[in-house]
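Here is the structure we will look at.
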Amino acid sequence: MTRPTIGLVVPHAADTVPAEGPIMYPDVTFVPRGVGVRALTPEGYDPAMAAIVPAAEHLARQNVDAIMVIGTSLTFYKGAAVHRRLLEQLRAATGLPVSTMSQAVVDGLRAVGAKNVAVATAYDGEVNRRLKDFLADEGFSVGAIDGFGITDFGGPSRMGEQDILDLGARVCDEAGAPDGLLISCGGLRTLGVAKPFEAEHGVPVVSSTPAAFWAALRLVGQSGQLTGYGKMLEESAAPVH
């Protein structure tokens, strides 16, 4: 099988591949294009949102096989209808299979059978409110949502796995008996979180960056199946076309 090449529209100012991608899928070539999110606020997202389609068009000219837009809040902050329109614009502009990190977490939650979810994020109250609305529009019930209250772009990467595990446990407790935990924000380092959380709490975990790379593999017809990183990745079957 030929080595797939996946274009990544990334929220960084620089053209950098998030570290999780090559760790999860070393046999895939990732080609990044940055759009420069300035802050984790609507005002910080606006210029980057406007740059997504041009960045995808640039990647399409590099002969990539598919395009994934990295950035959860970047792609959900204007709501589910605008997100759906963005996907349509990207497909029309590139002629390629495309998805976003927001679509990836929705796909991941559906894959693990989660409908009533607890949500742990990096965000402040305003962005959390928008995420709750987005998830409701996608058919999920949000039992509890809380975040680290971070607005500076580099802030999420400074949170440790234990911080994330603790926040996840708190929102799951508050939600009662959720059938899934969503950890939202591509800047949070969550690759090692799902397995121990699921072992301790029995609640399947979907988190932004692992879900985005998993969904990216599925755009090129692969299953994205991996062992050692929790239920979503371990139980993933090849997409049906």
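Side chains included, hydrogens not; waters and symmetry mates left out as well; all remaining heavy atoms used. Here the structure is a predicted model, which means the values were calculated and not measured.
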Side-chain ([X]) to main-chain ([Y]) donor-acceptor, under 3.5 angstrom:
X      : Y      : result
Asn116 : Asp179 : no
Glu174 : Gly143 : no
Asp46  : Glu43  : no
Thr190 : Val193 : no
Ser102 : Thr72  : yes
Thr209 : Gly186 : yes
Asp65  : Ile6   : no

*Which residue, Val106, Asp133, Val82, Val127, forms the side chain to side chain contact (heavy atoms under 4.5 Å, CB included) with Phe76?*
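It is Val127; the other options fail the test.
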
_Walk me through whether Arg129 and Lys132 qualify under side-chain contact (heavy atoms from CB on, under 4.5 Å)._
CA-CA 5 Å; Arg129 182 186 64 75; Lys132 187 174 182 181; 5.8 Å; no

Any idea which heavy atoms bring [X] and [Y] closest together, and the distance?
X      : Y      : answer
Pro156 : Leu40  : CG-CD1, 3.7 Å
Met68  : Ala212 : CE-O, 3.3 Å
Ser223 : Ser236 : O-OG, 2.7 Å
Trp214 : Ala111 : CH2-CB, 4.1 Å
Ala56  : Val9   : N-CG2, 4.0 Å
Ala93  : Val53  : CB-CG1, 3.9 Å

*asked:* Applying side-chain contact (heavy atoms from CB on, under 4.5 Å) to Cys172 and Phe197, what does each step give before you reach the verdict?
replied: CA-CA 11 Å; Cys172 281; Phe197 191 91; 3.8 Å; yes

_One thing to verify: whether Glu138 and Arg84 come together as a salt bridge, which I'm taking to mean a side-chain N less than 4.0 angstrom from a carboxylate O._
yes

*asked:* Apply side-chain contact (heavy atoms from CB on, under 4.5 Å) to residues Leu135 and Leu131 and explain how you reach the verdict.
replied: CA-CA 6 Å; Leu135 291 169; Leu131 175 55; 3.9 Å; yes

*asked:* Please evaluate residues Val35 and Leu74 with respect to the criterion side-chain contact (heavy atoms from CB on, under 4.5 Å), reporting the C-alpha separation (whole Å), side-chain torsions for both, the decisive distance (0.1 Å), and the verdict.
replied: CA-CA 10 Å; Val35 292; Leu74 172 62; 4.2 Å; yes

*Rounded to the nearest 0.5 Å, how far does CZ of Arg3 lie from OG1 of Thr29?*
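It comes to 3.5 Å.
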
_Give me each pair satisfying salt bridge (charged side-chain N to carboxylate O under 4.0 Å, His left out) with a member in residues 197-208, each pair once, sequence neighbours excluded._
none

*Compute whether any side-chain donor of one residue and acceptor of the other, for Ser99 and Arg218, lie under 3.5 angstrom apart.*
no

*Test item: side-chain donor near acceptor, Thr121 and Asn128, under 3.5 Å*: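 Distance-only check passes for Thr121 and Asn128.
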
*Taking the inter-plane angle between the rings of Tyr45 and Tyr77 on a 0 to 90° scale, is it parallel (under 30°), tilted (30 to 60°) or perpendicular (over 60°)?*
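Answer is tilted, since the angle falls between 30° and 60°.
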
*asked:* Taking atom CZ as the centre, does Arg130 end up with more than 12 heavy-atom neighbours from other residues, nucleotides or ligands that are less than 6.0 angstrom away?
replied: yes

*asked:* Taking the ring centre of each residue, are Phe213 and Tyr229 less than 6.0 Å apart?
replied: no

